[in-house]
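A short write-up of the structure that comes next.
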Amino acid sequence: MLDYMQQWPKLSKDTIRTIVFNALEENVNFYEENILGIPGSHLDNKVFYQDAPFLKDAPYLTALIHNPNHIGCHTLEKSESFFKGTHQLERELIALCAEQILQAEAESCDGYVAAGGTEANLQAIWIYRNYFRNRYGVSNDSICILCSRDSHYSMSKAANVFNLDIAFVQVEDDTRSLNEEHLQQVIQEKKTQGKNHFIVVANMMTTMFGSVDNVDTYTAALEAHGCLFRMHVDAAFGGFLYPFTNPDNTLNFRNKHITSVTLDAHKMVQAPYGTGIFLIRKGFMQHANTKEASYVEGEDYTLIGSRSGANAIAVWMILMTYGRYGWEEKTTTLLNRAAWLTHELDKAGIAYYRDPFSNIITIRSGFLNKEIATRYGLVPDNHQQPNWYKVVVMDHVTIDRLLPLLQELQAYQEQNCLLEREQV
Ligand SMILES: *Cc1c(COP(=O)(O)O)cnc(C)c1O
C-alpha cells in the first residue's frame with residue numbers, strides 16, 4: 001500500500017493524473033500487445049475516441065476507453081494479472097474506505113466496488129447465509145434476516161433471491177428508532193418457528209428518513225435470547241457523511257459485532273452509477289467463493305462477475321481530490337444547510353423528522369400538498385398515499401435554492417392556520 005493512503009491527504013490534479021495513467025500503463029495493452037485469449041478489449045474505436053488530444057488530461061475518460069475488467073475481489077490473494085495496475089487502485093480505495101472512514105485495523109478487511117448498494121447488501125446476506133450453512137450446518141429454515149421497517153427494499157429483494165425469511169421491526173413514528181418491545185416479540189416469534197440464526201442489517205441513515213439504528217438495541221436483544229447473529233451495516237446513504245458528522249458513532253469496524261458495511265459512492269460522493277462499495281472483515285468473503293469460475297484468475301467471490309474498473313478509479317479520484325479535511329468541510333457545509341432549514345421549519349411550526357447528523361429532512365405530508373412536492377422534486381415515502389416528503393441536501397441544494405420552498409411551506413402553513421381559525 002502506498003504511503004499517501006495512510007493519512008488520506010488531498011492530492012493535486014497532476015499527481016492524480018500521473019497515478020491513474022501509471023496504473024493503466026501496468027494493465028495489459030490491447031493496442032500494442034498481442035493478447036489473443038480474452039473476450040475483452042478497449043472500447044469500440046469506431047464509436048469512441050482513442051487518441052483525441054484532450055484524453056491526456058482526462059484520466060477517467062481514458063480509463064473508460066481502456067475498459068479494464070475488475071472481475072473478482074482484489075483484496076484476496078490473487079486476481080486477474082491482465083489488469084493488475086488498476087486493481088491496485090481499487091485495493092487502495094477499499095482500504096481507504098475501511099480504515100480511514102470506518103475505522104478498521106490496517107489490512108483487516110476485504111471488499112470490492114459493487115454495482116450499487118443493492119448488490120453490496122445482497123452480497124452481505126449471501127455471505128452470512130452461506131456462513132451459517134457452512135459453519136453450523138443449518139438450512140435456510142433456521143435463518144432469518146432482521147431489520148427495521150425503514151430499511152431499504154433491497155433487504156426484501158435479498159430475502160427473495162436467497163430464499164430466506166425476513167422480519168421487520170417496528171419503529172417509533174416520531175423518532176424512527178427501533179421499538180424494543182416489538183424487537184423482543186419478533187425474536188421470540190422467530191425462535192418458536194425454529195429460527196435461531198439472524199442476519200441483522202442495521203441502518204446508517206435510512207433512505208427516507210436518514211435515521212440511524214442503535215446497534216446496541218439489536219445486540220442486547222439477540223444476546224439475551226441466546227441467538228447467533230451476524231451484523232451488516234447498510235450505510236449506502238450515510239457512509240460518506242455520517243462518520244464525519246458524528247465521529248463518535250459505533251456503526252463501524254471498531255464494534256466487534258459488526259462484520260460488514262455497504263457504502264454507495266454514487267449518492268453523496270457524486271461518482272458515476274455502478275459504485276456501491278462492499279466491505280467485510282477478512283475471513284468471510286470466502287463463503288461466497290464460486291469455485292466453478294475456474295477460467296478467472298483468482299476465481300470469483302462477488303455477485304456481479306465482470307465489471308468496469310473505471311468505476312473504482314472514479315471514486316478513488318474523487319476521494320483523493322478532496323482529502324480527509326476537504327471531505328469533512330464538504331459534509332459540514334451540507335449539515336449546516338440542513339440545520340438552517342430545520343431551524344426555519346421549527347419557527348414556522350412545520351413538523352418534520354431529522355437526525356441531527358444527517359442531511360435528510362423528512363416533512364409530514366400534512367404540511368404541504370402534491371403541487372409543492374412536485375414543483376421542488378420532493379420524494380414521498382409512498383407515491384399512492386404519502387405520509388412524508390423528503391428534502392435531501394446535496395451539493396446543489398444551497399440555501400438560495402431552499403428559500404423558495406421554505407416560503408411556499410410558510411404560506412401554506414399560514415393559509416391552513418387561517419382556515420382552522422375560521423372553522424372554530
Ligand atoms: C440507495 C440505497 C440502497 C441501494 O442502493 P442502490 O445503489 O440503488 O442499489 C440501499 N440502502 C440504502 C439505505 C439506500 O439509501
Side-chain angles (χ1 to χ4, degrees), residues 93 97 101-102 111-127 145-162 166 168-169 171 176-178 199-215 218 231-243 245-246 249 251-252 258 260-280 302-304 307-308 311-312 314-315 318 331 334 338 353-355 357-362 377-382 388-394 397:
L93 170 66
C97 293
I101 301 179
L102 291 152
Y112 72 99
V113 177
T118 298
E119 187 200 327
N121 287 337
L122 262 69
Q123 178 80 21
I125 291 169
W126 185 34
I127 288 177
I145 303 170
L146 185 62
C147 60
S148 93
R149 61 163 284 207
D150 283 348
S151 297
H152 188 260
Y153 70 86
S154 47
M155 305 327 150
S156 301
K157 202 181 263 188
N160 187 280
V161 171
F162 298 117
I166 181 164
F168 296 100
V169 182
V171 297
R176 312 314 295 180
S177 59
L178 295 164
I199 299 172
V200 183
V201 182
N203 293 297
M204 179 192 278
M205 290 181 67
T206 54
T207 316
M208 191 60 208
F209 295 94
S211 51
V212 178
D213 291 332
N214 182 346
V215 285
Y218 278 123
M231 194 167 338
H232 174 72
V233 174
D234 182 4
F237 208 110
F240 285 104
L241 184 93
Y242 197 77
T245 57
N246 184 13
N249 84 84
L251 286 91
N252 56 47
I258 290 167
S260 56
V261 181
T262 288
L263 303 175
D264 231 346
H266 57 220
K267 286 184 177 156
M268 285 309 126
V269 182
Q270 297 170 261
Y273 288 109
T275 50
I277 294 178
F278 177 69
L279 305 169
I280 190 160
T302 69
L303 275 172
I304 188 171
R307 56 194 170 87
S308 170
N311 285 334
V315 184
I318 297 171
T331 57
L334 298 180
Y353 171 86
R354 176 183 168 238
D355 180 289
F357 302 106
S358 126
N359 63 336
I360 302 179
I361 299 104
T362 310
L378 307 189
V379 172
D381 57 336
N382 177 324
W388 300 87
Y389 287 98
K390 71 167 169 176
V391 175
V392 181
V393 180
M394 300 286 296
V397 182

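All ligand and atom numbering here is 1-based and tracks the order in the structure. Fair warning: this is a prediction, and the values are worked out from it, not measured in the lab.
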Could you tell me whether the side chain of Ile318 reaches within less than 4.5 Å of the side chain of Gln270, counting heavy atoms only? no
Where do Val113 and Leu93 land on the side-chain contact (heavy atoms from CB on, under 4.5 Å) test, with the steps shown first? CA-CA 9 Å; Val113 177; Leu93 170 66; 3.8 Å; yes
Show me which atoms of ligand 1 lie under 4.0 Å from any heavy atom of Gly116. 7 (O), 9 (O)
When the ring planes of Phe162 and Trp126 are compared, do they come out parallel, tilted or perpendicular, using 30° and 60° as the limits? parallel
List the closest protein heavy-atom neighbour of atom 14 (C) of ligand 1: residue, atom name, distance to the nearest 0.1 Å. Lys267 NZ, 2.8 Å
With a 4.5 Å heavy-atom cut-off, do Phe237 and Met268 have their side chains touching? yes
List ligand 1 atoms under 4.0 Å from Thr207, heavy atoms only on the residue side. 12 (C), 13 (C), 14 (C), 15 (O)
Just distances here: any N/O of Thr206 and N/O of ligand 1 closer than 3.5 Å? no
Part of Asn121 with heavy atoms under 4.0 Å of ligand 1, whether side chain, backbone, both or neither: side chain
What part of Glu119, side chain, backbone, both or neither, has a heavy atom within less than 4.0 angstrom of ligand 1? neither
Which of the atoms of ligand 1 are close to Met205, meaning less than 4.0 Å from one of its heavy atoms? 13 (C)
Which atoms of ligand 1 are found less than 4.0 Å from any heavy atom of Ala236? 2 (C), 3 (C), 10 (C), 11 (N), 12 (C), 14 (C)
Nearest protein heavy atom to atom 9 (O) of ligand 1, by residue and atom, and its distance? Thr118 OG1, 2.6 Å
Is there a side-chain contact between Ser156 and Phe168 in this structure, where contact means two heavy atoms from C-beta onward sitting under 4.5 Å apart? yes
Any non-hydrogen side-chain atom of Phe240 less than 4.5 Å from a side-chain atom of Ile277? yes
Just checking, is any N or O donor in the side chain of Asn203 or Ser151 under 3.5 Å from an acceptor N or O on the other one? yes
In this structure, atom 5 (O) of ligand 1 is nearest to the protein heavy atom Asp264 OD2, 3.0 Å
Could you walk me through whether Arg176 and Thr206 pass the side-chain contact (heavy atoms from CB on, under 4.5 Å) test, one step at a time? CA-CA 10 Å; Arg176 312 314 295 180; Thr206 54; over 6 Å; no
What atoms of ligand 1 come within less than 4.0 Å of a heavy atom belonging to Asp234? 10 (C), 11 (N), 12 (C), 13 (C)
